[in-house]
Amino acid sequence: MTRSQLDLFGTDQPELFDEEAAPIVYRADPDRIRRRIANMLAEVRAAQAMPWNTDELENRAYLLKQMARFLPEEEAAQLAFEFEQEVERLKAA
């Protein structure tokens with residue numbers, strides 16, 4: 001074996017399944033989520049007709065609800081309500 005090759009079975013390799021390692025925890029950035037939801041709301045508010053088919057609409061509604069889970073409950077409910085209001089407006093158009 002040459003020096004440039006990594007010794008996959010040597011002691012220089014870190015333990016991949018270290019039981020004492022701290023778990024990786026994802027912390028969502030509320031400001032980033034707010035911007036993404038604001039962009040979704042801006043898109044639906046600017047539309048004069050439904051811009052999505054049924055599947056796309058369901059996907060966007062689901063995405064909004066999943067993202068909103070990382071926001072305060074009242075704020076999440078308000079954003080979901082605003083999205084639904086705009087969807088209803090477009091359905092009626």
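Position 1 is the first residue of the sequence; numbering continues from there.
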Colleague: Report the C-alpha distance between K91 and E88 in whole Å, list the side-chain angles of each, state the deciding distance to 0.1 Å, and finish with yes or no for side chain to side chain contact (heavy atoms under 4.5 Å, CB included).
Modeller: CA-CA 5 Å; K91 285 180 179 178; E88 291 304 317; 4.0 Å; yes
Colleague: State, to 0.1 Å, how close A68 and A76 come at their nearest heavy-atom pair, and which atoms those are.
Modeller: O-CB, 3.3 Å
Colleague: Quick one: list whatever passes side-chain contact (heavy atoms from CB on, under 4.5 Å) with A47, sequence neighbours left out.
Modeller: P51, L90
Colleague: Would V87 and M50 count as a side chain to side chain contact (heavy atoms under 4.5 Å, CB included) here? Give the steps.
Modeller: CA-CA 8 Å; V87 167; M50 182 62 73; 4.0 Å; yes
Colleague: Going by the rule side-chain contact (heavy atoms from CB on, under 4.5 Å), which residues pair with Q48 if we only count those two or more places apart in sequence or in a different chain?
Modeller: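 Checked Q48 against side-chain contact (heavy atoms from CB on, under 4.5 Å); zero matches.
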Colleague: How long is the straight-line distance from CG of N59 back to CG of L64, given to the nearest 0.5 Å?
Modeller: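 One gets 12.5 Å once the value is rounded to the nearest 0.5 Å.
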Colleague: For L71, does its backbone N or O pair with a side-chain atom of R34 as donor and acceptor, under 3.5 Å?
Modeller: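 Checked: no pair found.
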Colleague: Please answer whether the main-chain N or O of F81 pairs with a side-chain N or O of E84 as donor and acceptor at a distance below 3.5 Å.
Modeller: no
Colleague: Please check if atom CZ in R45 has more than 12 non-hydrogen atoms from other residues, nucleotides or ligands closer than 6.0 Å.
Modeller: yes
Colleague: Which atoms form the tightest heavy-atom contact between A28 and I33, and what is the distance?
Modeller: CB-CD1, 3.6 Å
Colleague: Output all residues satisfying side-chain contact (heavy atoms from CB on, under 4.5 Å) with E43, sequence neighbours left out; order by chain, then residue number.
Modeller: W52, R60
Colleague: Taking it one step at a time, do V44 and E82 satisfy side chain to side chain contact (heavy atoms under 4.5 Å, CB included)?
Modeller: CA-CA 10 Å; V44 73; E82 290 175 26; over 6 Å; no
Colleague: Can you find a side-chain donor-acceptor pair between Q78 and E74 that sits under 3.5 Å?
Modeller: no
Colleague: Which value, rounded to the nearest 0.5 Å, describes the distance between M67 atom CE and L79 atom CG?
Modeller: 9.5 Å
Colleague: More than 12 foreign heavy atoms under 6.0 Å from CZ of R36: is that the case here?
Modeller: no
